[in-house]
Trainee: 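My questions all concern the structure below.
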Number of protein chains: 2
Amino acid sequence: MQTAEFIKASRGDHPCDLLLANARIVDVFSGEIIAGNVAVSSGRIAGIGEYPARRTVDLAGRFLAPGFIDSHVHIESSMACVGEFARAVVVRGTTAVVADPHEIANVLGGDGIRYMLDSANDQPVNVFYTLPSCVPATDMETAGARLAAADLEPFFENPRIVALGEMMNYPGVLHGNPDVLKKIEAARRHGKPVDGHAPGLSGRDLAAYVAAGITSDHECTTAAEALEKLAAGMHIMIRQGTGARNLSALLPIVTERSSQRLMWCTDDRHPHDLLNEGHIDSIVAAAIRGGLSPVTAIRMATLHPAERFGLTHLGAVAPGRQADLVVFSDLTSLRVDDVYVRGELVAKNGRTADGVRTPAPVPVPPSMKVNLQALDFTLPAGGRRLRVIDVIPDQIVTRQSIESAPVEGNRLVSDPSRDLLKIAVVERHTGSGRIGLGMVRGIGLRQGALASSVAHDSHNIIVAGVTDADMRTAVGEVVAMGGGIAAATGGRIAARLPLPVAGLMSLEPVQAVSDAMDRLVRAARGLGSTLKDPFMTLSFLALPVIPELKITDLGLVDVREFKRVPLFV
Amino acid sequence: MQTAEFIKASRGDHPCDLLLANARIVDVFSGEIIAGNVAVSSGRIAGIGEYPARRTVDLAGRFLAPGFIDSHVHIESSMACVGEFARAVVVRGTTAVVADPHEIANVLGGDGIRYMLDSANDQPVNVFYTLPSCVPATDMETAGARLAAADLEPFFENPRIVALGEMMNYPGVLHGNPDVLKKIEAARRHGKPVDGHAPGLSGRDLAAYVAAGITSDHECTTAAEALEKLAAGMHIMIRQGTGARNLSALLPIVTERSSQRLMWCTDDRHPHDLLNEGHIDSIVAAAIRGGLSPVTAIRMATLHPAERFGLTHLGAVAPGRQADLVVFSDLTSLRVDDVYVRGELVAKNGRTADGVRTPAPVPVPPSMKVNLQALDFTLPAGGRRLRVIDVIPDQIVTRQSIESAPVEGNRLVSDPSRDLLKIAVVERHTGSGRIGLGMVRGIGLRQGALASSVAHDSHNIIVAGVTDADMRTAVGEVVAMGGGIAAATGGRIAARLPLPVAGLMSLEPVQAVSDAMDRLVRAARGLGSTLKDPFMTLSFLALPVIPELKITDLGLVDVREFKRVPLFV
């Protein structure tokens with residue numbers, strides 16, 4: 001609708017499309033609850049008050065708030081594609097997300113970003129993106145792409161791109177790496193902010209990181225850290241994800257006085273948690289249970305992220321803004337009843353509404369360049385003692401141990417009696433045939449093998465197993481599925497989850513993904529694993545930025561020293 | 001300094017230029033006071049903490065806050081040019097202003113805007129502008145220019161232009177006037193907000209005005225009005241000017257909870273008030289006296305206007321931000337001791353610092369196209385009863401009276417015995433020779449005449465007097481000065497103030513302007529005027545948007561009917 005027409009609708013010159021009558025409106029500007037009717041016309045809020053309407057829904061005093069916004073999320077962590085992720089979160093009241101397609105960009109580069117942009121069209125949630133700033137995440141592995149400042153430049157014009165994404169390369173910032181600074185400068189030139197990622201950064205290094213132009217952080221784990229970063233000028237995204245759960249540590253810093261630049265994010269939430277715990281609604285409710293005033297908690301889920309990212313058409317119930325609205329009966333439990341996006345009812349009582357259309361899937365390039373014939377996990381015994389990656393249950397940090405090498409003949413083998421498994425990272429982006437090999441302890445398999453193309457951050461195929469044959473079977477299945485997760489034993493596939501989108505995302509609903517993951521975990525347990533989520537553990541063993549010992553397709557990496565180390569000592 | 005170099009300064013790799021040590025820093029992000037040292041390098045804040053420094057100033061526990069920002073001001077109202085205005089306000093802690101050059105644009109059009117832009121260079125205050133949206137203000141007078149959307153378009157790229165200026169033409173917005181909507185659309189396209197001006201607008205008309213894209217208002221006079229506009233999504237600029245003083249009415253709405261989108265402005269402050277009352281400092285102090293928490297009052301003078309206008313490099317004491325800082329000893333009286341702009345001391349104890357340079361004046365086009373020979377205030381007696389503009393002391397609204405016409409021979413004359421003076425508006429922009437003539441009561445002159453080229457909003461020459469001869473003398477002096485204000489009697493000039501910049505602004509310091517105005521007011525009193533400020537009264541008698549009866553070069557205007565009316569009834 002043209003502005004002139006919309007002005008007429010706002011003035012009530014002709015009936016609005018929908019009147020949400022008798023609402024208790026959460027006014028995120030004043031922080032008060034206001035009784036009124038909200039008129040919707042052409043998907044936008046025409047006004048609040050008495051309006052002629054074609055259709056009226058009586059809210060009978062229920063609360064009406066702006067739809068929730070996740071200020072930082074990796075959709076890939078849901079293992080669902082954009083559309084299915086959107087369906088899973090919109091029923092919880094999320095009407096917009098600011099997603100960082102860091103994972104798919106590490107696999108498919110610019111094609112991955114374009115895929116995510118195209119997939120965002122016609123979804124029941126407003127999907128915005130930040131441009132992945134750190135692809136590849138490190139030079140100690142083979143990623144699927146390398147995105148320099150010049151590669152990112154063309155994307156900044158896209159209206160779905162609202163920021164440069166989390167700048168994990170803080171050493172690069174602090175040392176004035178020219179390409180890093182070029183990326184920041186490009187964002188500035190396009191009037192878009194830069195998100196940070198700087199766990200534990202403090203003092204003068206933090207000052208330098210902020211001075212370089214980075215104005216948010218979602219990695220705070222203590223109140224002191226969050227307060228220092230807030231005072232340094234950062235917007236603080238309080239994260240409550242599947243792995244990293246910072247709400248209880250950071251809630252004490254949130255007051256009406258401090259909250260202006262505070263907001264919520266999930267960063268990474270796995271399918272099971274999205275379905276059972278929820279999304280931003282669950283954080284708002286938990287914050288309220290923790291003593292925060294409901295309106296402040298809602299402001300942090302709505303107006304504050306909208307302002308952070310310049311989304312002036314979202315985040316509030318006010319004239320001209322998009323009619324993205326949630327309805328709920330109780331200001332404490334915050335269980336969302338109805339969800340409107342652009343004025344259309346898209347969800348009711350936890351289910352997507354009839355008539356919410358599903359856009360056709362967007363084609364995605366293949367991402368599995370692996371020569372299965374050449375797959376060989378043989379490792380000659382090169383010494384008597386070797387480095388072992390020690391898994392710490394439920395954590396993504398590891399330790400390094402030195403153990404005597406389990407050898408048969410002149411080859412290294414898994415030794416389930418000591419819980420020592422062979423682990424390998426199979427390069428899948430270039431077809432190089434490169435395999436990094438090592439040993440891991442703590443996964444607990446007594447037989448079989450587990451393989452996955454979800455392996456942060458380069459997402460090569462990671463596999464751990466008792467026999468080379470089952471490792472080959474599991475990897476073979478992952479490749480055959482065009483990406484995914486598999487458990488194999490005795491030459492058979494015990495469970496599987498195809499992830500045909502870049503080896504990271506399924507095309508199935510989140511519920512189906514969650515069910516498949518449950519079957520995979522049960523299968524892994526059947527093979528002897530004692531871990532709560534062996535595949536999540538596996539997926540972080542290839543991440544060479546988290547201490548202490550990790551493995552990539554290039555071999556073992558001592559993260560404390562940021563260098564590759566040999567297997568044998 | 002390049003970013004890479006600045007990062008080194010932030011990390012303390014080499015000494016900073018200046019360390020402001022032992023400060024109590026007003027942290028506008030958290031709303032707390034933090035003890036620390038502030039390091040400045042190349043005019044920006046390098047960091048807060050321990051830093052090596054070339055020079056250290058020990059603040060000995062004094063408070064350090066971001067410099068104050070006036071969110072909406074007409075510099076022309078100071079009757080000083082940009083540089084002298086800047087000198088007058090910087091000593092009060094103002095380090096940035098968002099000025100609307102509406103007055104000069106009505107005289108000189110685009111040339112006036114360019115003059116103001118050029119005059120902003122190298123000043124000790126950061127001067128930003130909004131683009132005048134309503135030139136001319138009405139069609140019931142002859143202005144010096146007409147600025148359509150296409151005329152404004154090229155200015156939006158200028159980094160000093162931060163918004164489209166106050167949209168006074170709310171009837172135009174509400175009726176969908178295409179050129180008005182084009183201006184708003186141009187601002188949106190350039191990512192710049194639109195300031196509003198909508199006194200008393202409410203309900204669905206307010207909704208339509210906001211929905212059109214207008215997101216601030218500085219015209220609220222009651223708490224209820226401000227709360228309604230805040231809830232509608234507007235940033236509210238609480239105004240405390242010379243004429244309009246809304247602080248006491250609006251202070252009750254300001255709380256920590258509501259303050260996020262509230263800020264201060266002066267709109268119009270005359271020279272005397274700038275010198276004696278102060279600027280934003282005076283509003284902050286008055287708000288604190290009124291019970292507001294000091295940090296909230298300071299946030300509204302710093303971070304909030306900076307965020308409103310996307311000035312992310314201003315408004316806070318934080319790494320990377322411009323080192324615009326004020327120092328004061330007492331958090332209640334808020335008397336500013338020292339002022340730093342871009343890390344340089346620019347003012348101390350109410351005086352500008354030595355070494356603050358004065359940029360050369362920018363040339364300004366002439367603006368007095370008046371043929372003095374043709375000047376004729378003769379008015380044939382056209383009836384027995386006529387409309388009289390009734391001045392209400394200290395108000396800009398007037399009333400209309402019907403009086404018997406004072407006639408000598410067949411001509412209308414002033415009649416001091418009934419306080420009826422001839423009043424005229426002499427068109428000065430096109431040299432048309434057009435003169436609007438009428439009668440005014442309430443100025444009180446017993447002899448002589450007063451004339452001024454400050455006459456809102458078109459700033460033709462307004463003159464009122466007892467004799468045609470003195471009216472000619474006064475106008476002649478205004479024209480001879482290239483614009484200004486004059487009092488004449490018996491063929492002589494009793495007092496004068498040259499305003500060579502568009503007939504609106506002096507090149508002298510604000511103190512000299514104030515002194516000249518005092519002399520003018522004394523002269524007017526000597527001629528019999530009983531008004532507190534007869535020239536201010538005069539300047540609003542030509543403003544045909546404020547009820548009830550006004551006069552322009554086209555004649556009398558009945559503002560209630562928005563139409564021209566004849567003098568005689």
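Throughout, protein chains are lettered first and strands after them, A, B, ... in sequence-line order, and every chain is numbered starting at 1.
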Trainee: Can you confirm whether B:Val162 sits close enough to B:Leu311 that some side-chain heavy atom of one is under 4.5 Å from a side-chain heavy atom of the other?
Mentor: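 Result yes, sub-4.5 Å side-chain heavy-atom pair found.
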Trainee: May I ask you to name which of A:Gly213, A:Gly320, A:Ala232 has the most heavy-atom pairs under 4.5 Å with chain B?
Mentor: A:Ala232
Trainee: Give me the atom names and distance for the closest heavy-atom approach of B:Gly196 to B:Ile214.
Mentor: CA-CG2, 3.3 Å
Trainee: Side chains of B:Ile236 and B:Cys220: closer than 4.5 Å at any heavy-atom pair?
Mentor: yes
Trainee: At a heavy-atom separation under 4.5 Å, does B:Ile34 approach chain A through its side chain, its backbone, both, or neither?
Mentor: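 For B:Ile34, the side chain is the part near chain A, not the backbone.
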Trainee: I'd like a table of all donor-acceptor pairs linking chain B to chain A (distance under 3.5 Å, no angle check), giving the atom names and the distance to one decimal.
Mentor:
from, atom 1, to, atom 2, distance (Å)
B:Arg11, O, A:Arg204, NE, 3.2
B:Arg11, NE, A:Asp205, OD1, 2.8
B:Arg11, NH1, A:Leu174, O, 3.3
B:Arg11, NH2, A:Asp205, OD1, 3.2
B:Gly31, O, A:Arg257, NH1, 3.0
B:Arg44, NH2, A:Ala211, O, 3.4
B:Glu50, O, A:Arg204, NH1, 2.8
B:Leu174, O, A:Arg11, NH1, 3.3
B:Arg204, NE, A:Arg11, O, 3.2
B:Arg204, NH1, A:Glu50, O, 2.8
B:Asp205, OD1, A:Arg11, NE, 2.8
B:Asp205, OD1, A:Arg11, NH2, 3.2
B:Ala211, O, A:Arg44, NH2, 3.4
B:Glu256, OE2, A:Arg257, NE, 2.7
B:Glu256, OE2, A:Arg257, NH2, 2.5
B:Arg257, O, A:Arg299, NH1, 2.9
B:Arg257, O, A:Arg299, NH2, 2.7
B:Arg257, NE, A:Glu256, OE2, 2.7
B:Arg257, NH1, A:Gly31, O, 3.0
B:Arg257, NH2, A:Glu256, OE2, 2.5
B:Gln260, OE1, A:His304, NE2, 3.3
B:Gln260, NE2, A:His304, NE2, 3.1
B:Arg261, NH1, A:Glu307, OE2, 2.3
B:Arg299, NH1, A:Arg257, O, 2.9
B:Arg299, NH2, A:Arg257, O, 2.8
B:His304, NE2, A:Gln260, OE1, 3.3
B:His304, NE2, A:Gln260, NE2, 3.1
B:Glu307, OE2, A:Arg261, NH1, 2.3

Trainee: Counting only heavy atoms closer than 4.5 Å, note whether A:Leu206 contacts chain B via side chain, backbone, both or neither.
Mentor: neither
Trainee: So what's closer than 4.5 Å to chain A heavy atoms on B:Ile25: side chain, backbone, both or neither?
Mentor: neither
Trainee: Could you tell me which portion of A:Val317 (side chain, backbone, both or neither) has an atom closer than 4.5 angstrom to a non-hydrogen atom of chain B?
Mentor: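 Looking at A:Val317, just its backbone touches chain B.
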Trainee: What part of A:Leu230 gets closer than 4.5 Å to chain B, counting heavy atoms only: side chain, backbone, both or neither?
Mentor: both
Trainee: So do B:Leu19 and B:Val40 actually touch side chain to side chain, heavy atoms under 4.5 Å?
Mentor: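 They are not in side-chain contact.
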Trainee: With a 4.5 angstrom heavy-atom cut-off, could you sort out which part of B:Leu181 is near chain A: side chain, backbone, both or neither?
Mentor: side chain
Trainee: Start with the C-alpha distance between B:Val26 and B:Leu64, add both sets of side-chain angles, then the distance that settles side-chain contact (heavy atoms from CB on, under 4.5 Å), and finish with yes or no.
Mentor: CA-CA 6 Å; B:Val26 179; B:Leu64 186 72; over 6 Å; no
Trainee: If I compare all heavy atoms of B:Ala301 with all of B:Pro305, which pair ends up nearest, and what's the gap?
Mentor: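 Closest approach of B:Ala301 to B:Pro305: C-CG, 3.8 Å.
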Trainee: Mind checking the CG-CZ spacing from B:Leu331 to B:Phe63? Nearest 0.5 Å is all I need.
Mentor: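 Spacing of CG (B:Leu331) from CZ (B:Phe63) equals 4.5 Å.
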Trainee: I'd like to know which of A:Ala318, A:Gly49, A:Gly203, A:Ala211 tops the heavy-atom pair count under 4.5 Å against chain B.
Mentor: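 It is A:Ala211.
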Trainee: Determine the option with the most heavy-atom pairs under 4.5 angstrom with chain A, choosing from B:Gly31, B:Gly176, B:Pro178.
Mentor: B:Gly31
Trainee: Supply the atom-to-atom distance A:Ile238 CD1 to A:Leu250 CG, rounded to the nearest 0.5 angstrom.
Mentor: 5.0 Å
Trainee: Side chain from CB out, backbone as N, CA, C, O: work out which of these in B:Ala231 comes under 4.5 Å of a heavy atom of chain A, or both, or neither.
Mentor: both
Trainee: Are any non-hydrogen side-chain atoms of A:Ile298 and A:Leu303 less than 4.5 angstrom apart?
Mentor: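 A:Ile298 does not reach A:Leu303 side chain to side chain.
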Trainee: Taking every non-hydrogen pair under 4.5 Å, which of B:Ala39, B:Gly47, B:Gly12 racks up the most with chain A?
Mentor: B:Gly12
Trainee: For the candidates A:Ala212, A:Gly310, A:Ala208, which exhibits the highest count of non-hydrogen atom pairs separated by less than 4.5 Å from chain B?
Mentor: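 Looking at each of A:Ala212, A:Gly310, A:Ala208 in turn, A:Ala208 comes out on top.
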Trainee: Using every non-hydrogen atom in the two residues, find where B:Ala306 and B:Gly315 come nearest and quote the distance to one decimal.
Mentor: CB-CA, 3.9 Å
Trainee: Looking only at heavy atoms, which two atoms of A:Gly343 and A:Leu18 are closest? And how far apart?
Mentor: O-CD2, 3.8 Å
Trainee: In terms of heavy-atom pairs under 4.5 Å with chain B, which of A:Ile45, A:Val173, A:Leu174 leads?
Mentor: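 Most heavy-atom pairs under 4.5 Å with chain B: A:Leu174.
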Trainee: Which atoms form the tightest heavy-atom contact between A:Ala297 and A:Ile288, and what is the distance?
Mentor: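 The pair with the smallest heavy-atom distance is CB-CG1, 4.0 Å.
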Trainee: Out of A:Pro193, A:Ala4, A:Gly191, A:Gly233, return the one with the most heavy atom pairs under 4.5 angstrom to chain B.
Mentor: A:Gly233
Trainee: At a heavy-atom separation under 4.5 Å, does B:Ala46 approach chain A through its side chain, its backbone, both, or neither?
Mentor: backbone
Trainee: Please report the interatomic distance CZ(A:Phe29) to CG(B:Leu262), rounded to the nearest 0.5 Å.
Mentor: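 Reported value, rounded in 0.5 Å steps: 12.0 Å.
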